[in-house]
Structures are given as C-alpha cells and as structure tokens.
Amino acid sequence: MRPGSPETLQHPYDPTRIESRWSQEWEARGVFTPRPGGKPFVISIPPPNVTGSLTMGHLLGESLRDLILRWQRMEGREVLYLPGMDHAGIATQNVVERQLEERGTRREDLGREEFVRQVWAWKEQYGGLILKQLRRVGTSADWSRERFTLDEDYSRAVLTVFLDLYGKGLIYRGRYVVNWCPRCQTALSDEEVDKVEREGSLWYIRYPIKGTEKFVTVATTRPETMLGDTAVAVHPKDRRYAHLVGKVAVLPLMRREIPILADEMVDPKFGTGAVKVTPAHDAADFQTGKRHGLPEIIVIDERGVMNENAGDFRGLDRFEARQKVVESLTDAGYIEKIEKHMLAVGQCSRCDTIIEPMLSWQWFVKMAPLAAPAIEAAKRGQVKFYPARWRKVYLYWLENIRDWCISRQLWWGHRIPVWYRGDEMVVSIERPAGAGWRQDEDVLDTWFSSWLWPFATLGWPERTPDLERYYPNSLMVTGSDIIFFWVARMIMAGQQFMGQVPFPHVFFTSILRDSQGRKMSKSLGNSPDPLEIMERFGADAVRFTLIYLTPTGQDLAFDEKRIETGKFFANKIWNAAKLVQMRLGDEDLGPIKESALRLTLADRWILSRFANAVKDISRFLKTYRFNEAANALYHLAWDDYCDWYLEMAKPRWTEEADPEDRRVARWVAWKVLDGILRLLHPFMPFVTEEIWQALPHDGEMLALASWPKAKRAWVDAAAEREVAFLQELVVAVRNLRVENNIAPGRRVPIVVRGTHEQLALIEQLQSQIMPLARIETLTLARDGARPPVAASAVVRGAEVFLPLEGLVDLDKERERLVREADKLLSDLENTRKKLRNQDFLAKARPEVVERERVRLANLEETLEKLKRAQDSMRTAQR
RNA sequence: GGGCGGAUAGCUCAGCUGGUAGAGCACCUGGAUCACAACCAGGGGGUCACAGGUUCGAGCCCUGUUCCGCCCACCA
C-alpha cells in the first residue's frame, strides 16, 4: 500500500494541467508496451492517412479502442495497440501537387524521382501530425512498433503479395472500361466512386436508317458520347424493332455507318427501347461491344477533353461538348425530345469530379476466389460483426463482388513490380538482369497495401515472433464506411496469406453527424476542431461523453454542449475524491482487514451496489454496449456513491463520532472510490490516474492496476431493499418540506408510524438520515397517536408526519393530499381491473399476478392512510 | 430498382429476453450548508409516427402506411 499525496487534488479541477503530465508518464514508464504474462489482446489501428489530422470521428474511434485496451490491460491481458499510418496515394500526392502549384511548378517538371523525393520530404516534415494528436487523447499505443505502409519492410510485403497472386493467376492485366477521374488523372476502383443522385436530361436522338427515310430513336443522358457510338442495340424479343435488326444506321454528325443489333442487355421498357452503344465510354456498352466485336472509339481523353476522333468537337471539354453536340443535333433536326431525368452520376470520392468511364490498360485482382473463404468465415461465425446487421451488408458485397482495379496512374505509392522489354514481361520485385528493362509506370491502390495491415505490420512475410504472438488480432474497431474498402479485404487477405481471419470480432462505431444530421466532414467544415474541444473540456471529458452518447450502431448527432456531461462528471469525481482524501486523516488503511470491520447497513448497501455495478459494467463491456457501461458507472458514482453514501458517511467522520465506526466509514468510502476509479479509468484515464495516485493505493499505476472483481460476498439484496426504503423516506420528508414552504435551513421534527421492521431500519441509520432531510427530532412510534396538525405522506405503508402547528398551511396541505390520492386512484383502478380479469389470472405468470396483488394491497393501504390524513385535517380545522 | 436503419418529454437520446415509460440538457421553484454553484433539494412535461393484428398484457413481436437518413445497383 502506498500513501496518497495530500498536497494534490487542488480546487478547482483543471484537466489540462494533469492530462499532459500523465501522457508522458505512461509512455516513460512503458505502460503501453505489451507486458508478457497474460494472453495477448491485440488491436491494430485503422491507419489514418499520413496527410490526416484528427477529426471528431477519430476521437470517437480512439476513445472506444482505448476503452477496450485499458480495460483488457487491467484484466491482465498482454495488450498491444499497434499504431501507424497509411501513405494515402491520391490524397498525399494531391497535397504535394498543390504545394508545387503555389510555387508555379508541376510534378511533370520535376520528374518522377524528384517528385517522390519531395513527397517523402513533406512526409518527414508535416506527415504524422495525427499520431502526435492521438497522444493527446491518451491512446495507449506501443509507439515503438509504429508502422507506415511505405516502410521498406511493409513494401516488401505488398510486392510479395502481388507476386503471389500473380503466380496464382489472381492478378491480370487487361484493357477495360474503368472509372477514370479526369482531375486526379488516374483509374479508380468501384468503391472509390460515389454515386450522387442528380437531375439531368434524357435526350431522344434520331438515328437515320441507311437507305430509307426512316430513323430509329435512341435515348441517352450523355449525348456527347454519341460521337463514339459504334452500334445501336435493341432487345432481341422486342417486336417493335425486330425489322431493324441487321440494318445499318447512320450516326448523325459523324456520318458513320453503324449496325443495328440485338442484345439481351437492352431494357425494352426504358426510353425508346433502342440504345446507342459506345464501347469505349460505358462499361455496359463495352461488354456489348465485346459480344458483337464492335470497334471501340475513344472520343474523350484522360483530361476529359474531346480528342481527334470527335470531329468538329475536338478540343472541347466534355460538358461543353455535350451542349454543342445537342445544339448541332437540334439544328439538324435530330433531337426528337428532351425529358427531365433523375440519374446517379459517379463522383471521385477524393475530389468530387465526375467520373469518366474510360477504356484503358489496367491491373486487376480476380476477387471471386478470394471472396469465397471470406463468405464462409462470416457464415461459420469465425468473424462476427457488431452490430450484427453488418453481416448481411458484408455478405451481399462479397457474393456480388467484382474484380478490383488496383493500378493507379500516380507516382506516390508502391510501384507495380512488373518489367517490360519489347514483347517480354517479367513480374519481379527486383529489376531483371540484362539491359533495357522498363518498369511499369503505375503504382498500386493504397488499399492494396492496407488490406495486409493486421499481419504486414507484424513483419510478414517473415515469421517474426511478433507475428506468431499477435496474429490474429483480437478485435477490429472501425467505421462502417470502410467495410468494403478495408474490413472485407483484410478478411480476404488474412485468410489468403495467413490462413485465418485477422480478427474474430469487428465492432463498427457510430458515424458522427452535426446538429442538422449531416455527416461530419472536413470538406463540409461542420466538424468542431477536436484539439480545441479537448483544450476546453479535457480529453477525459470528451472521451467519456462520446462513449456515453454513442448508441451501439446508431449514428450520433453531435452537439458540443453535451461534452459538458463528461466535464461535469470528471469534476464530480474530483471533488468526491477531495472530500474522501480530507476525511481519511492520517489513518493507515493498509492493514485493515475487511472481516474485522463492523459494517453498517449503509456500508453493506454501497458495497452491494458496487458489486452489482461491477458485474453489469463488465457484462456491458464484453457485449460492446459501451454507452450502457458508461451510464451504469455514471449512476453508481454520482447517485449512489456521492449523493447517498458520502452524505450518509459524513456524520460518521466527525470528531464526535465513534472512532471505531469512523474507521469503518473511512475504509468503505476509500475502498469504493478506489473501485470506481478502476472502473472509470478506461473511460477517463487521466483524472482517475491523478486521483488514484493522490489516495492510498496498491501498486505503481492505475493504468496497470487490476480490474475490480464483482465480489459475491458484497451482494446484499436485503441491504439494497432496506436502504431504498430509507431513501424514499428521506425524499418524502424533503417533499413535505418543499410543499409546505419550510425554509431550507430550518430543522423540523418528524414522526414516523410504521411496522417494527421499518422502525428498526430507521433506527439503524437514524443519525445518518436526519441531516439528509434536515430533521431536528425523529420520533418513531409503532402505534403512537398521529399528531393533530401535521403534513403527512405514506412510504411503503409507513406514515410520515411533519407536525408543525402554525407552519403548515392547512388548506394547501389538504389540497395536496387530495392531489396525491388522485394520482393513486387511476393506478388503483387499473390494477383492480387487471386482477378481475380471469384471463390474466389464468394465463399470466404466477409471479406477475402476485406482484399485481402486492401492488394493489400497497395502493389500497396508502390510499387509506391518505384518506385518514385528510380526515384528521378536517378535524384539526374545527 | 433492391436492402438497411430511424421516428419515445422542448432538444439529444436510453429502454436487455413483451409486465402499464427513463437519463442528460433546457425550463420552473428554493438554496452561498465547511467535496463540488462544473453544485444541492424539489417540480412540471410523453394517445412511445400512423393504422391494423398477435397476446391476459405491446414502446418492445407481426403486417401495412407515411416521413427522415444511409448503403448497394451497367434502365443507357
């Protein structure tokens, strides 16, 4: 047992002062490095972008992860939280390019090698800000193991995976229509495209049929692509157009002759049932083109500008070209009509530029074989999702998975390990021997590196001790917005390369929204600055509040004001500790044996409340119901401990009190506070550590102390029931005082009539109850006469009288009694009705019926006593 | 077009396997009582979106409807 340090816990509580200190202390003392002994418990950080800075969303994620980590550490597990960052190809390249732009230069001017060098320089200088910010939150990460997806070792893992999948035939190169961002100048995966609903137009264009005066009308939302049309398609079973199949249409403006063909892809119910086919600029048309051997004519270049195949429209931006094409078509009489039309356009998730489907050479991963085991894993329960409904989302995606375009036309990233010389192609990490080899220009999608995160961070492909010990991880905590990008792919990679899923459980955090329900994002500018929030309220307050507010799996409308909940709570704990510290005196609590203490009813009550709370909180944490855990803790600490126990203990701490009992009250107050601090530590690590150190404590650090056990010997249902009665009694007296306008400072005499048992209970805690209700004298009378003029209340059958002749307003009191009785009346009626119902009596569970009977008896008794009180008021008036 | 979530006190949200509604904030009343005014004591306030159904009993289960939000989708 170590003594506390009484000079601390000054008034007022100042979070910023203590928080900076403990972050350093914990790190300095190696609290966050895994301590061998227990079973490992491992979480990997969802690596933030190297360009990133802390958002409220991160703060929520970190609060939840650190809550679990600290709890598990206290449970004796060997805890590892592995931190690191993602190189974030597009995002990072964009940042540095913008910088270059300011200096009036472009990456092309620098050349690839120099540009990459400058990105690294940027990373060294500015990158990783977010990891520094995480320290402010109190995140218990093992910084010695920090990883970056472009670290040398990590890069080797990425390239090894490429080689492996290529060797298995799961990576291929091909020329397909892919999502192209004309601003970022790179291909994107389907997941990197956001579909946005917009109102557009549907243009109906007449394509003349060769050798006739007739025409076929097609409908399109993208008239500019007609310049690249190489066919018109109709459904094979569409009778309206059967006669046209095999004929030739003449493409307006271009005068190109294109076939009219039949294809199942066409939906006869949409538009006119005839569709223009542009194989080079539409993924579906591309497939149609392949089926029919159509030429692929590219009319839009990689910057979104019409090229030399676009005839007169060459050099125009694609949207400008759309207008001009429509104008030309209108002038020439080809437009039949224009309709308003809702459509979903693809946007680059990075820069919101409208995606251009483009035909190009790219590298792909064949996903179906990887998805199969990942589907199995979820179905067999080898990986579970919390909340469970995400399982369905996960399965649907995997069951309908499409191949993954992994090549990016960027410079920042893992360069594709493929080499060309003439017609030769070699896949190899090292440059092949011999002269003239040229490496593929593209880099890999960033997610192609981060999907390896749970094992590549541990040294894979080497079989390192870390990998042996810490794979698989124990849990993944992340946002549902990256379930496909990252979670599903990690599960696939884990099975493919490690032979087992990377984590048995995935917990999805809430998405934070602003008061208007919009997702908090940097681009909207509706996210408060987390660092500023932490400065103002303290990291503890923010952590606790976020956890307390976060319903499992529900979005959360965040309001800054609510952080006060956590701030006030921290303050409450601080002050309670201050009181306990003051009242402990120089008592040495170390040698005290619980068995030697004569516990009072109040002591047994709080110990029981505590033991039950430990059980509840532990269960809530195990089942990922974090908000409920926080809620239970809040009420244990504030209501039970501060408002009731400490108040009841105060009289026992005075000079006049019995020294032996004073010791008991000291010990229990300290013991329960110590327990509350332990329970609270994972939620509010800083303030709890500070307080714990200031009080007598067992061990070096609260962060390394043990999680409380729910002692069965402390559970005492009788004590809980009994104290509940006394609490109701106190509340009843307080009520009587307020209702009768008795000055708050004034002490009043109280008479209680009740059963022997009730009076005995009151007697036990008499001296502790009296100050709570400002009672001057407490008269306990089994059958004593009711005071002639008194305000009264009924508590569980016991009658409480406030006999203050002259002070009680008789009329008001009578009115109050009537009101009180009225309130009971409807309850009483309902209960009676229920008990008259034969079906209820026959079919409800016996204990439910019994409960109703007791309720009825109580109501009747209470009502009866209220009536008698009314009667006596009437008598008194005469 | 398919799927998922939500609708409970003025606001933000709890409410576990069905047993007649809770918290915080806000509001009202009173209080400088030596842990805490970042506090204490007390109070008002809800046909649990709507309509049916199952059940002795529904905020909770089932069906449908209306709004709000999200995800997926090659009807151009």
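Just so it is clear: chains get the letters A, B, ... in the order the sequence lines come, proteins before strands, and each one is counted from 1. All values below come from the heavy atoms of this structure, side chains included, with hydrogens, waters and symmetry mates left out.
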Within this structure, what is the [atom1]-to-[atom2] distance between [X] and [N], rounded to whole angstrom?
{"X": "A:Lys276", "N": "B:C75", "atom1": "NZ", "atom2": "P", "value": "15 Å"}
{"X": "A:Glu339", "N": "B:C75", "atom1": "CD", "atom2": "C1'", "value": "13 Å"}
{"X": "A:Ile775", "N": "B:U33", "atom1": "CD1", "atom2": "P", "value": "21 Å"}
{"X": "A:Asp194", "N": "B:C72", "atom1": "CG", "atom2": "C1'", "value": "12 Å"}
{"X": "A:Leu395", "N": "B:C4", "atom1": "CG", "atom2": "C1'", "value": "14 Å"}
{"X": "A:Glu224", "N": "B:A76", "atom1": "CD", "atom2": "P", "value": "14 Å"}
{"X": "A:Leu549", "N": "B:A14", "atom1": "CG", "atom2": "P", "value": "10 Å"}
{"X": "A:Arg391", "N": "B:G5", "atom1": "CZ", "atom2": "C1'", "value": "18 Å"}

Roughly how many Å apart are [M] and [N], using the [atom1] atom of each and rounding to a whole number?
{"N": "B:G46", "M": "B:G3", "atom1": "P", "value": "39 Å"}
{"N": "B:U17", "M": "B:U29", "atom1": "P", "value": "41 Å"}
{"N": "B:C27", "M": "B:G19", "atom1": "P", "value": "34 Å"}
{"N": "B:C13", "M": "B:C4", "atom1": "P", "value": "23 Å"}
{"N": "B:U65", "M": "B:C25", "atom1": "C1'", "value": "34 Å"}
{"N": "B:G31", "M": "B:G57", "atom1": "C1'", "value": "45 Å"}
{"N": "B:C11", "M": "B:U54", "atom1": "C1'", "value": "36 Å"}
{"N": "B:G44", "M": "B:G10", "atom1": "P", "value": "15 Å"}

Aromatic rings [X] and [Y]: how do their planes relate, parallel, tilted or perpendicular, breaks at 30° and 60°?
{"X": "A:Tyr548", "Y": "A:Phe544", "result": "parallel"}
{"X": "A:Phe385", "Y": "A:Tyr394", "result": "tilted"}
{"X": "A:Trp397", "Y": "A:Phe484", "result": "parallel"}

Counting the atoms with a prime plus P, OP1 and OP2 as sugar-phosphate, which does [X] contact under 4.0 Å by heavy atoms, base, sugar-phosphate, or nothing?
{"X": "A:Glu655", "result": "nothing"}
{"X": "A:His341", "result": "sugar-phosphate"}
{"X": "A:Phe484", "result": "sugar-phosphate"}
{"X": "A:Ala219", "result": "base"}
{"X": "A:Lys833", "result": "nothing"}
{"X": "A:Val580", "result": "nothing"}
{"X": "A:Val275", "result": "base"}

Practice prompt. Report yes or no: is the cationic atom of A:Arg222 (NZ for Lys, CZ for Arg) closer than 6.0 Å to the six-membered ring centre of A:Trp203, at no more than 45° off its axis?
Written response: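 Judged by the rule (NZ or CZ under 6.0 Å from the ring centre, within 45° of its axis), A:Arg222 is not positioned above A:Trp203.
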Among [options], the one nearest [X] by side-chain distance:
{"X": "A:Phe840", "options": "B:G19, B:A76, B:C72", "result": "B:G19"}
{"X": "A:Arg774", "options": "B:C40, B:C36, B:U33", "result": "B:U33"}
{"X": "A:Phe270", "options": "B:G31, B:A41, B:A76", "result": "B:A76"}
{"X": "A:Asp839", "options": "B:C56, B:G19, B:C74", "result": "B:C56"}
{"X": "A:Val266", "options": "B:A76, B:C40, B:C36", "result": "B:A76"}
{"X": "A:Asp267", "options": "B:C56, B:A35, B:C75", "result": "B:C75"}
{"X": "A:Val738", "options": "B:C75, B:G42, B:C4", "result": "B:G42"}
{"X": "A:Ala844", "options": "B:C16, B:A35, B:G19", "result": "B:G19"}

Counting only side-chain N and O atoms of [X], is one of them less than 4.0 Å from OP1 or OP2 of [N]?
{"X": "A:Arg389", "N": "B:G5", "result": "no"}
{"X": "A:Arg402", "N": "B:C74", "result": "yes"}
{"X": "A:Asn735", "N": "B:G43", "result": "yes"}
{"X": "A:Lys392", "N": "B:C4", "result": "yes"}
{"X": "A:Lys843", "N": "B:C56", "result": "yes"}
{"X": "A:Trp653", "N": "B:C34", "result": "no"}

Going by purine N1 to pyrimidine N3 plus the second Watson-Crick contact, or the G-U wobble pair, all under 3.5 Å, which nucleotide sits opposite [N]?
{"N": "B:C34", "value": "none"}
{"N": "B:A51", "value": "B:U63"}
{"N": "B:G45", "value": "none"}
{"N": "B:G69", "value": "B:C4"}
{"N": "B:C13", "value": "B:G22"}

Report each atom pair, protein N/O against N/O of nucleotides 20-25 of chain B, whose distance is under 3.5 angstrom.
unit_1 : atom_1 : unit_2   : atom_2 : d
B:U20  : OP2    : A:Arg855 : NH2    : 3.3

Give a yes or no on whether the ring-centroid distance for [X] and [Y] is below 6.0 angstrom.
{"X": "A:His635", "Y": "A:Tyr641", "result": "no"}
{"X": "A:Phe620", "Y": "A:Phe626", "result": "no"}
{"X": "A:Phe507", "Y": "A:Tyr386", "result": "no"}

Discussion item. Suppose we screen for side-chain hydrogen bond (donor to acceptor under 3.5 Å, both in side chains). Which residues come up paired with A:Arg747, at least two apart in sequence or across chains?
Written reply: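 If we apply the side-chain hydrogen bond (donor to acceptor under 3.5 Å, both in side chains) test to A:Arg747, skipping adjacent residues, there are no hits.
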For [X] and [Y], does a side-chain donor sit closer than 3.5 Å to a side-chain acceptor?
{"X": "A:Tyr207", "Y": "A:Asp229", "value": "yes"}
{"X": "A:Glu19", "Y": "A:Thr16", "value": "no"}
{"X": "A:Asp267", "Y": "A:His235", "value": "no"}
{"X": "A:Thr217", "Y": "A:Glu336", "value": "yes"}

Practice prompt. Name the orientation of the base relative to the sugar in B:U29: syn if the glycosidic angle is within 90° of 0, else anti.
Written response: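 Anti, since the glycosidic angle lies more than 90° from 0.
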Discussion item. Is there, by distance only and without an angle test, a donor paired with an acceptor across the side chain of A:Lys572 and the base of B:C36 below 3.5 Å?
Written reply: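 Yes, the side chain and the base share a sub-3.5 Å donor-acceptor pair.
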Worksheet item: With distance as the sole criterion, do the side chain of A:Glu647 and the base of B:A35 form a donor-acceptor contact below 3.5 Å?
Response: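 Yes.
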Discussion item. Judged by each residue's nearest nucleotide on RNA chain B, which is more toward the 5′ side, A:Trp397 or A:Tyr13?
Written reply: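 In this pair, the answer is A:Tyr13.
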